[in-house]
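Report on the structure given below.
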2 protein chains.
Amino acid sequence: MKMNTKVRYGLRTAIELASKKPGEDIYQKDISMNQEISYKYLDQIIAGLRSAGLVTTVSGKKSGYILAREPGNISVYDIFTAFNPGLAVVECLSDEVICKREGKCAAKYFWEELNDVVEKHLKSVTIKDLLMKQVEINKQLAE
Amino acid sequence: MKMNTKVRYGLRTAIELASKKPGEDIYQKDISMNQEISYKYLDQIIAGLRSAGLVTTVSGKKSGYILAREPGNISVYDIFTAFNPGLAVVECLSDEVICKREGKCAAKYFWEELNDVVEKHLKSVTIKDLLMKQVEINKQLAE
DNA sequence: TTTTTATCCTACCATTTTTGTAGGATTGTT
DNA sequence: AACAATCCTACAAAAATGGTAGGATAAAAA
């Protein structure tokens, strides 16, 4: 019942990118340093965000990354699904899986409810929310 | 972000035990058959429930298992913690772990909230609730 | 046009976790 | 003493996790 590092790092990466002001350059190198994530591993994190359409990039020298949508329009659920095929707190909730006990299992109903609760919460918080929280934290630290 | 089989099987085992009427015998063999869980693996499932104080047993011939508390007084969270050291949707929420980013990480606040949401839901549902659901399902199937 | 510096791509792999199996020891009833 | 149940611990295959490695490609700058 744990989030993997890709989702965790992906979330932190998204928050950092959201903090980028227009015209300001943030390179993979910077994110790697600030977030203390291995430069090479970050390759895969960003690739995940990119193929989910959350980040757009420009190649070449003097390029960098940028969020593809407004931070307020990217939920944590978006980040999650960038690194997971879908949310399923137990196997039998996945589309591909068919459980023999389907339809006669009270436990499944519980897991469905839990899945909904988690999904709803992941969808209810955006990168904008978390950036605001981060700004607040930074302010406190500066005092 | 998945529940492991021990928790899942443990939950189903608890529901089955809750369905036991006073004086009625349910053996490991029965649970194994009804729940389609390997008899030997069930050893470990029951051991977990036992060491968490959720199930009491009597050894020897003609013995069997029984819930240690009223089904209404056992939550899914109790089952969960029988098989996990504690609920922590990310590493840095565990007591032992100290993260260098502690106190300056907005992401952590999100994970704390999610952790609370999940914990609250696990605590809000009891074995009694799920047994009632199961009885309802069985009724529907009988029609 | 060559160099530099950034992103992009994909293969591999060590470690850990998961999901069991196996074999027998122990206990209490018959 | 035999039997039928629970109890205990070691082992192991398979899958998932958390990376590392090495270079290919793209565009700006020299």
Side-chain angles (χ1 to χ4, degrees), chain A residues 1-13 17 20 24-33 35-68 80 83-85 88-92 94 96-97, chain B residues 1-10 12-13 17 20 24-33 35-68 80 83-85 88-92 94 97:
Chain A
M1 199 57 185
K2 279 200 178 357
M3 289 288 171
N4 60 31
T5 55
K6 293 204 174 173
V7 174
R8 295 196 286 118
Y9 294 175
L11 182 58
R12 277 157 51 188
T13 297
L17 286 176
K20 179 182 179 310
E24 193 178 358
D25 287 333
I26 300 188
Y27 301 123
Q28 185 170 332
K29 188 177 55 179
D30 301 323
I31 303 171
S32 169
M33 285 186 58
Q35 297 296 330
E36 299 165 88
I37 301 169
S38 136
Y39 181 85
K40 278 299 195 176
Y41 195 34
L42 196 52
D43 259 25
Q44 292 171 49
I45 308 298
I46 293 170
L49 294 174
R50 233 170 50 87
S51 63
L54 300 175
V55 159
T56 51
T57 61
V58 187
S59 278
K61 196 175 176 180
K62 200 80 178 162
S63 43
Y65 301 108
I66 192 171
L67 286 183
F80 179 86
F83 299 103
N84 295 96
V89 298
V90 297
E91 279 303 333
C92 63
S94 300
E96 317 85 47
V97 179
Chain B
M1 198 58 184
K2 277 200 179 358
M3 290 288 170
N4 60 33
T5 55
K6 293 205 173 171
V7 174
R8 294 197 285 120
Y9 294 175
R12 276 157 51 188
T13 297
L17 287 175
K20 179 183 179 308
E24 194 177 357
D25 286 334
I26 300 188
Y27 300 123
Q28 185 170 332
K29 187 177 55 179
D30 302 323
I31 302 170
S32 168
M33 284 186 58
Q35 297 296 329
E36 300 165 89
I37 301 168
S38 136
Y39 182 85
K40 279 299 197 176
Y41 195 33
L42 196 52
D43 260 24
Q44 293 171 48
I45 308 299
I46 293 170
L49 294 174
R50 233 170 51 85
S51 61
L54 300 175
V55 158
T56 50
T57 60
V58 187
S59 275
K61 196 175 174 181
K62 200 78 179 164
S63 42
Y65 301 108
I66 191 171
L67 285 184
F80 179 86
F83 300 103
N84 295 283
V89 298
V90 297
E91 279 304 334
C92 62
S94 300
V97 179

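Labels below follow one simple rule: chain letters A, B, ... track the order of the sequence lines, proteins then strands, and each chain is numbered from 1. Remember, predicted model here, so these are calculated numbers, not experimental data.
Atom CZ in A/Phe83 sits about 13 Å away from atom P in D/dG19, given to the nearest Å. Atom pair B/Tyr39:OH and D/dT6:C1' shows a separation of 7 Å (rounding to whole Å applied). Across the protein-nucleic acid pair, A/Leu42 atom CG and C/dC9 atom C1' stand 15 Å apart, rounded to whole Å. Counting to the nearest Å, the C1' atom of D/dG18 and the CD1 atom of A/Ile37 are 12 Å from each other. Distance CG (A/Asp25) to C1' (C/dT5): 13 Å, rounded to an integer number of Å. Between A/Tyr65 atom OH and C/dC8 atom C1' the separation is 8 Å, expressed in whole Å. In this structure, the CD atom of B/Glu91 is 13 Å from the P atom of D/dT17, given to the nearest Å. Atom CD of A/Glu36 and atom C1' of D/dG19 are 17 Å apart (whole Å).
Side-chain atoms of A/Tyr27 lie closest to C/dT7 of the nucleotides C/dC9, C/dT7, D/dC7. With distances taken from any side-chain atom of A/Lys40 to the nucleotides D/dT6, D/dG22, C/dC8, the minimum falls on D/dG22. Distances from the side chain of B/Lys61 to the nucleotides C/dA6, D/dG22, C/dT29 place C/dT29 closest.
At a threshold of 4.5 Å between non-hydrogen side-chain atoms, the residues A/Met33 and A/Tyr39 do not count as touching. The shortest side-chain heavy-atom distance between B/Leu67 and B/Val55 falls under the 4.5 Å cut-off. Between A/Met1 and B/Met1, the closest side-chain pair of non-hydrogen atoms falls below 4.5 Å. Between A/Val90 and B/Val7, the closest side-chain pair of non-hydrogen atoms is not below 4.5 Å. Between B/Glu36 and B/Tyr9 there is no side-chain heavy-atom pair separated by less than 4.5 Å. Counting heavy atoms from C-beta outward, B/Arg12 and B/Ile37 have side chains that approach closer than 4.5 Å. Within the 4.5 Å cutoff, the side chain of B/Asp30 has no heavy atoms near those of the B/Asp25 side chain. Side-chain contact between A/Leu11 and A/Phe80 is absent, with no heavy atoms from C-beta onward closer than 4.5 Å.
The base of C/dG28 is not paired with the side chain of B/Lys62 by any donor and acceptor separated by under 3.5 Å. Donor-acceptor pairing under 3.5 Å, judged by distance alone, is absent between the side chain of A/Lys2 and the base of D/dG18.
For A/Tyr65, the side chain to side chain donor-acceptor pair (under 3.5 Å) test picks out A/Gln28, with sequence neighbours left out.
With a 3.5 Å limit on both pairing distances and Watson-Crick or G-U wobble geometry required, the stems of 3 or more pairs in DNA chain C span C:1-30 with D:1-30.
Phosphate contact (OP1/OP2 of D/dT6, side-chain N/O of B/Arg50, threshold under 4.0 Å): absent.
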Using nucleotides 16-20 of chain C, report all nitrogen or oxygen pairs with the protein that are shorter than 3.5 Å.
from   : atom 1 : to     : atom 2 : distance (Å)
C/dT19 : OP2    : B/Thr5 : N      : 3.0
C/dT19 : OP2    : B/Thr5 : OG1    : 3.4
C/dG20 : OP2    : B/Tyr9 : OH     : 3.2

